[in-house]
Amino acid sequence: MSLPTLDRVLDAVLRIDTNFDIKFVSEAGQRWLVQLLGADIPANFIDILHPKDIERFKDVLHDSPESFSCDLRVIKGSGECWVNLRSYQLTGVHQYVICIIDISVWKANDSAFRHAAEHDDLTGLPNRAFLKNAVDALIQENTPAFSIALLDLDGFKKVNDTFGHAMGDAVLVETTRRLVKIIGPQDVLARLGGDEFVVLFSDKSAIGAQEALANVLLAVARPYDTAPHNAYLGVSVGVAQYPSHGQDYSTVLKNADTAMYFSKNAGKNRISIYTPTDVSVDFSIKAAIHNGIQEGEFYMDYQPQYDIQRNLIGAEALMRWKSRDFGNVPPDKFIPIAEESGLMPFLGKWALRYSCHQLRRFQEWMPDFVMSVNVSPVQFGSDGFDTLVLDAIEETGIDPSRLILEITESTLMQSQERTERALGNLRERGVRFSIDDFGTGFSSLAYLTRLPVSSIKIDKAFVRAIQDERKASQSDRKLITAMINLAHSIDLKVVAEGVENEAQFAFLEGAGCNLIQGYLLGKPMSAVAISSLPGLTRGVAA
Ligand code: C2E
Ligand code: CA
Ligand code: CA
């Protein structure tokens with residue numbers, strides 16, 4: 001190995017002693033280093049290395065003193081320059097020969113390959129390899145605390161099985177889009193594979209990550225448009241933090257996984273923080289809903305319903321949640337969570353009693369006022385639902401024939417015997433039923449003839465499609481007309497919801513629709529606002 005030759009091949013050759021003091025620098029190396037550093041060559045080799053790589057250099061030298069090769073960064077002005085560094089121990093003199101090649105050009109080209117190796121094809125998110133590097137880097141940089149949240153979607157398998165893998169992929173891409181908006185630029189959102197995501201909170205403890213994670217729960221709870229039906233998913237989250245829950249990448253990740261399983265087992269759709277004793281803390285939306293009911297954060301709005309002559313006949317009660325922690329949360333977000341977490345019977349009972357009390361007041365002004373109350377399939381399927389309704393009627397003294405329970409087609413599909421018994425019991429006492437979101441499920445009208453249902457509510461998706469005379473809406477118009485005719489043929493009334501403009505109203509009127517609900521005639525409003533609507537006392541019964 002003759003130095004003149006090396007001098008031409010390599011950017012710098014140095015000799016250092018065990019204290020890293022520089023004993024020799026090749027001629028080309030002197031020129032290269034001075035240019036690179038923008039300053040004189042320091043006396044100690046460590047001062048050439050980039051601060052982030054000093055420890056690594058010392059480690060590898062310690063581990064393989066005889067010889068080693070590694071890529072690391074040296075100082076370049078106020079920035080950095082990637083070099084390949086080889087070190088050979090000189091026996092006898094306790095010194096090392098260090099050979100350096102500037103590899104910054106290769107690194108730049110390499111970064112495209114690196115990007116491909118470290119990212120997920122489907123979502124473009126960083127993958128497991130990237131995550132590990134990012135965590136290792138945080139540990140090397142002596143970051144005092146960070147946390148890892150493992151996210152596993154609830155109900156994803158069902159989407160794949162029901163709608164196929166292409167739709168499953170679309171749901172993962174959509175989930176990514178929602179999560180990216182929540183995760184800050186200093187944090188890393190990665191996909192581990194399947195329906196597993198990870199968030200690396202680079203400077204937050206597990207508690208500090210709560211706010212972002214609560215938003216993650218809400219974002220995933222929004223319905224997914226998996227035409228022809230929406231899909232509802234949840235997410236189980238487990239969080240572990242460095243260094244108290246683990247000193248390295250794999251331990252922290254493993255403990256986040258343990259906490260995630262805790263979330264799954266505790267009923268899904270929640271956040272659990274790893275605790276070495278396995279007692280995880282419940283920061284879930286479920287807990288917030290539970291507290292919210294007690295704290296009076298829930299209330300009802302009422303959306304007026306009109307007959308086709310535009311006389312007020314009643315209203316639909318719609319639940320609202322003004323949460324101290326989450327702000328105004330729409331029912332499309334919190335009801336699926338309440339359903340999945342077993343809180344729906346509790347919440348639904350509250351809504352039903354509240355609405356009956358309000359109906360009692362409305363009936364004082366307008367005896368024929370009709371109140372429609374939504375009943376979730378989960379609630380209808382729970383034991384003693386009919387007794388609960390009858391108790392509410394008795395407690396408030398309302399006329400049961402003025403109460404309409406809006407149920408969905410999926411309610412009718414579940415455990416038919418029990419459902420039919422409850423329906424029958426309630427019908428006997430005069431309570432009426434309406435099929436909500438009609439046309440989006442699978443129920444056949446023939447089946448409806450056997451049930452004590454008094455009306456159907458055409459889903460607003462159909463009403464939205466009646467815009468103008470354009471051809472695209474022709475089939476929807478025909479479908480609506482057919483639904484109305486069929487319903488009338490078995491003595492069911494037809495309600496249209498989501499009526500937003502006069503064109504829709506005119507079409508529905510022409511098609512023989514009986515009742516109209518929508519922004520055109522009235523948005524959901526407070527009970528006080530309902531009571532001052534014109535026509536309240538002139539209303540005609542449905
Ligand atoms: P839904 O039963 O289909 O209720 C009608 C939804 O359409 C309401 O949304 C209402 O605000 C909205 N809407 C009314 N008119 C128009 C319109 O002209 N255009 C458009 N684009 N939308 C209109 P909201 O209040 O967000 O409720 C969403 C869903 O949450 C309800 O859909 C219902 O499924 C559920 N929900 C609400 N309250 C309760 C409740 O007390 N119990 C149960 N089980 N579910 C409820
Ligand atoms: Ca409804
Ligand atoms: Ca509806």
Side-chain angles (χ1 to χ4, degrees), residues 218 221-223 229-230 232 289 292-293 297-306 314-322 328-359 370-382 385 388-389 392 403-411 432-441 453 455-467 494-505 508 513 515-527 529-530:
L218 288 174
R222 278 184 2 238
H229 309 293
N230 283 343
Y232 295 89
I289 293 177
I293 297 174
E297 294 174 358
F298 285 86
Y299 61 98
M300 306 298 280
D301 268 349
Y302 306 89
Q303 185 175 29
Q305 294 180 330
Y306 294 85
E316 175 179 7
L318 293 161
M319 208 185 303
R320 298 290 177 253
W321 181 22
K322 194 178 168 70
N328 284 324
V329 187
D332 282 342
K333 281 186 184 173
F334 68 78
I335 285 178
I337 296 172
E339 287 180 338
E340 261 214 51
S341 60
L343 268 180
M344 197 59 222
F346 186 43
L347 196 58
K349 179 179 172 180
W350 172 86
L352 193 73
R353 289 187 55 211
Y354 196 101
S355 307
C356 287
H357 277 277
Q358 191 54 54
L359 175 57
V370 178
M371 182 78 91
S372 296
V373 182
N374 292 285
V375 179
S376 138
V378 173
Q379 201 186 343
F380 210 105
S382 63
F385 173 73
L388 186 143
V389 177
L403 178 66
I404 294 190
L405 299 182
E406 291 195 2
I407 57 179
T408 61
E409 291 167 271
S410 48
T411 298
R432 287 184 290 167
F433 295 92
S434 182
I435 310 294
D436 206 355
D437 306 335
F438 190 81
T440 61
V453 170
S455 56
I456 60 166
K457 242 182 138 168
I458 298 181
D459 190 61
K460 55 180 173 296
F462 293 101
V463 175
R464 200 181 306 129
I466 324 167
Q467 284 308 351
V494 180
V495 188
E497 67 178 359
V499 180
E500 293 181 350
N501 55 50
E502 292 292 351
Q504 292 165 342
F505 186 97
L508 291 161
C513 183
L515 300 176
I516 300 289
Q517 180 184 344
Y519 296 167
L520 173 69
L521 299 181
K523 292 196 168 180
M525 55 185 88
S526 68
I530 288 276

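All ligand and atom numbering here is 1-based and tracks the order in the structure.
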Enquirer: Which is closest to atom 15 (N) of ligand 1 by heavy-atom distance: Gln303, Gln504, Glu497, Glu500?
Expert: Gln303
Enquirer: Give a yes/no answer: is there an N/O/S atom of Asn374 under 3.0 Å from the Ca ion (ligand 2)?
Expert: yes
Enquirer: Which one holds for Asp437 and ligand 1: side chain close, backbone close, both close, or neither close, with close meaning a heavy atom under 4.0 Å?
Expert: side chain
Enquirer: Any side-chain donor paired with an acceptor under 3.5 Å for Glu316 and Gln305?
Expert: no
Enquirer: Under 4.0 Å from ligand 1, counting heavy atoms only, is it the side chain of Lys523, its backbone, both or neither?
Expert: neither
Enquirer: Can you confirm if the aromatic rings of Phe346 and Trp350 lie within a centre distance of less than 6.0 Å?
Expert: no
Enquirer: For Gly518, take its heavy atoms, then give the atoms of ligand 1 lying under 4.0 Å from any of them.
Expert: 15 (N), 18 (O)
Enquirer: If I take the Ca ion (ligand 2) as the centre, what angle separates the OD2 atom of Asp436 from the OE1 atom of Glu406? Nearest 10 degrees is fine.
Expert: 90°
Enquirer: For ligand 1, which is the ligand I care about here, please tell me if Met319 has any N or O atom under 3.5 Å from one of the ligand's N or O atoms.
Expert: yes
Enquirer: With a cut-off of 3.0 Å, does Glu497 place any N/O/S atom under that distance from the Ca ion (ligand 2)?
Expert: no
Enquirer: Nearest heavy atom to atom 43 (C) of ligand 1: which of Asn501, Ile407, Asn374 does it belong to?
Expert: Asn374
Enquirer: Would you indicate which of Pro331, Gly522, Ser355, Pro330 comes nearest to atom 24 (P) of ligand 1 when only heavy atoms are counted?
Expert: Pro331
Enquirer: Among Phe334, Tyr354, Tyr519, Phe380, whose heavy atom sits nearest atom 22 (N) of ligand 1?
Expert: Tyr519
Enquirer: Please work out whether the ring planes of Trp321 and Phe334 are parallel, tilted or perpendicular, with thresholds of 30° and 60°.
Expert: perpendicular
Enquirer: Rounded to the nearest 0.5 Å, what separates atom CE in Met344 from atom CD1 in Ile337?
Expert: 12.0 Å
Enquirer: Please confirm whether the backbone N or O of Ile407 pairs with a side-chain atom of Thr411, one donor and one acceptor, at under 3.5 Å?
Expert: no
Enquirer: With a heavy-atom distance limit of 4.0 Å, tell me whether Arg464 approaches ligand 1 through its side chain, its backbone, both, or neither.
Expert: neither
Enquirer: Counting only heavy atoms not in Arg320, do more than 12 sit closer than 6.0 Å to its CZ atom?
Expert: yes
Enquirer: Mark the output for Met344 as yes if a heavy-atom distance to ligand 1 is under 4.0 Å, and as no if none is.
Expert: yes
Enquirer: Distance from Tyr302 atom OH to Ser355 atom OG, nearest 0.5 Å?
Expert: 5.0 Å
Enquirer: Does Glu497 use its side chain to pair, donor to acceptor, with the backbone of Asp459 at less than 3.5 Å?
Expert: no
Enquirer: Using 3.0 Å as a strict upper limit, say whether an N, O or S atom of Glu316 approaches the Ca ion (ligand 2) that closely.
Expert: yes
Enquirer: Side chain, backbone, both or neither: which part of Asp459 comes within less than 4.0 Å of ligand 1 when only heavy atoms are counted?
Expert: neither
Enquirer: So is there a nitrogen or oxygen of Gln517 less than 3.5 Å from a nitrogen or oxygen in ligand 1?
Expert: no
Enquirer: Do any N/O atoms on Gln379 end up under 3.5 angstrom from N/O atoms on ligand 1?
Expert: no
Enquirer: If you measure from the Lys or Arg side-chain nitrogens to the Asp or Glu carboxylate oxygens, is any gap between Lys460 and Glu500 under 4.0 Å?
Expert: no
Enquirer: Using a 4.0 Å heavy-atom threshold (strictly under), name the region of Leu347 that reaches ligand 1: side chain, backbone, both or neither.
Expert: neither
Enquirer: Classify the side-chain pair Glu339/Ser376 by whether it contains a donor and acceptor separated by less than 3.5 Å.
Expert: yes
Enquirer: Heavy-atom distances under 4.0 Å decide this one: backbone, side chain, both or neither, for Arg320 against ligand 1?
Expert: side chain
Enquirer: Please confirm whether Gly348 approaches ligand 1 to less than 4.0 Å, judged on its heavy atoms.
Expert: no
Enquirer: How many angstroms lie between OH in Tyr354 and CZ in Phe298, if you round to the nearest 0.5 Å?
Expert: 12.0 Å
Enquirer: Yes or no on side chain to side chain contact (heavy atoms under 4.5 Å, CB included) for Val370 and Ile404, after CA distance, side-chain angles and deciding distance?
Expert: CA-CA 7 Å; Val370 178; Ile404 294 190; 3.6 Å; yes
Enquirer: Do NZ/NE/NH1/NH2 and the carboxylate oxygens of Lys322 and Glu297 come within less than 4.0 Å?
Expert: no
Enquirer: Where's the contact between Lys457 and ligand 1, heavy-atom distance under 4.0 Å: side chain, backbone, both or neither?
Expert: neither
